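In what follows, a structure is listed as structure tokens, so that the remarks can point back to it.
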There are 2 protein chains.
Amino acid sequence: MEFEKIADILKALADPTRLKILSLLRIRDCCVCELVPIFNISQPAISKHVSRLKTAELVHETRKGQWVFYSINEKRLEEIGYALSHLPDLSEELRKLEQQGLTVTCE
Amino acid sequence: MEFEKIADILKALADPTRLKILSLLRIRDCCVCELVPIFNISQPAISKHVSRLKTAELVHETRKGQWVFYSINEKRLEEIGYALSHLPDLSEELRKLEQQGLTVTCE
DNA sequence: TATACAAATAACAATATGGTTATATGGTTT
DNA sequence: AAACCATATAACCATATTGTTATTTGTATA
């Protein structure tokens, strides 16, 4: 996965409210109207948070009548964990640096 | 680790430039003046990025003469990987929701 | 001591983020 | 059809983020 893509998914994760939503979805699927009374923020705020998680493919949605239930996408979380321990290799950049004689060699 | 703390570390990670810096530090320790020619941004911008990584304890710094060398803190990265797969438990919140009769039971 | 280089900090600007309230949309029920 | 409820979107505001240039601080050296 590219650096920009990894950063985008991490940005979607990097918020306490969204992390809490994911933790709740680990217990069971929830709809927005269940999440609202748990947090001290408005319904549109919750709606935007889950929307951000959906864009990052960290959750899936399923409409059931008038409700929309969100479920966690554990695969995506595993992917991001893997991406962090296997970031794209930039050794070519360091090689170019050496060719340009810009390397700092200390003592 | 608390949600706010995890979110803070994820915010430090959630930027392509900082992810690239970490990838470079996986190859070898680098100083700011080596990182500058690799990226298309100014020296103060790089300095602020490594400072952000340092605050999140994702890197360590060692002064060597006039240079400051940065090294990756792999332990911290492992910690955040672990934290993502073991987020704090919020089942108590769902229990309270049920007690208040706010649970949505569908079909 | 004066000069030079590396790195950090200050002050600022443009954009992104995370909240609000008001309103629109989608589906259910009377 | 009308009313109702859940969710999404629009418009807006305050603050955070990420870059810039100018300046300061720390260390080495002529």
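Naming convention: chains lettered A, B, ... in sequence-line order (proteins, then strands); numbering from 1 in each chain. This one's a predicted model, so the numbers in the text were calculated from it and none came from an experiment.
Shown here for B/Leu22 and B/Leu58, the closest heavy-atom pair between the two residues is CD2-O, 4.1 Å. For B/Pro88 against B/Met1, the heavy-atom pair with the smallest separation is CG-O, 3.3 Å. Between B/Pro37 and A/Leu97, the shortest heavy-atom contact is CG-CD1, 3.6 Å.
Straight-line distance from the CG atom of A/Leu102 to the C1' atom of C/dC5: 14 Å, rounded to whole Å. B/Asp15 places its CG atom 18 Å from the P atom of D/dA16, with the value rounded to the nearest Å. Separating the NE2 atom of B/His49 from the C1' atom of C/dT9 is a distance of 16 Å, rounded to the nearest angstrom. If you measure from atom CZ of B/Arg18 to atom C1' of D/dT17, you get 8 Å, rounded to the nearest angstrom. Rounded to a whole Å, the CG atom of B/Leu53 is 12 Å from the P atom of C/dA8. Going from atom CG of B/Leu10 over to atom C1' of D/dA16 covers 17 Å, rounded to whole Å. As a whole-Å value, the separation of B/Arg63 CZ from C/dC5 C1' is 11 Å. The CD1-P distance, from A/Ile46 to C/dT21, rounds to 14 Å in whole Å.
When the nearest nucleotides of DNA chain C are assigned to B/Cys33 and B/Lys48 by heavy-atom distance, the more 5′-ward of the two goes with B/Cys33. Along DNA chain C, the nucleotide nearest to B/Val68 and the one nearest to A/Arg52 differ in position, and the one closer to the 5' end is contacted by B/Val68.
Taking the side chain of A/Thr17 as heavy atoms from C-beta on, and the options D/dT20, D/dA6, C/dG19, the nearest nucleotide is C/dG19. Comparing C/dA7, C/dG18, C/dT20 against the side chain of A/Ile41 picks out C/dT20 as the nearest. Residue B/Gln66 has its side chain nearest to C/dC5 when only C/dC5, C/dT20, C/dA7 are considered. The B/Pro44 side chain lies nearest to D/dT21 when the options are D/dA6, C/dA7, D/dT21.
A/Tyr70 comes within contact range of the sugar-phosphate backbone alone, with a heavy-atom separation under 4.0 Å but no base atom that close. Nucleic acid contact class of A/Lys11 (heavy atoms, under 4.0 Å, all strands): sugar-phosphate only.
Evaluation of atom-type donor-acceptor distances gives a pair under 3.5 Å for the side chain of A/Gln43 against the base of D/dA8.
The side chain to side chain donor-acceptor pair (under 3.5 Å) test with B/Lys54 singles out one residue from B/His49, B/His60, B/Glu61, and that residue is B/Glu61.
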>> Pair A/Arg95, A/Glu92 - check salt bridge (Lys or Arg N to Asp or Glu O under 4.0 Å), show working.
In response: CA-CA 5 Å; A/Arg95 205 166 299 128; A/Glu92 188 54 42; 2.6 Å; yes
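Regarding contacts with the backbone of C/dT20, a side-chain N or O of A/Ser42 is found under 4.0 angstrom from either OP1 or OP2.
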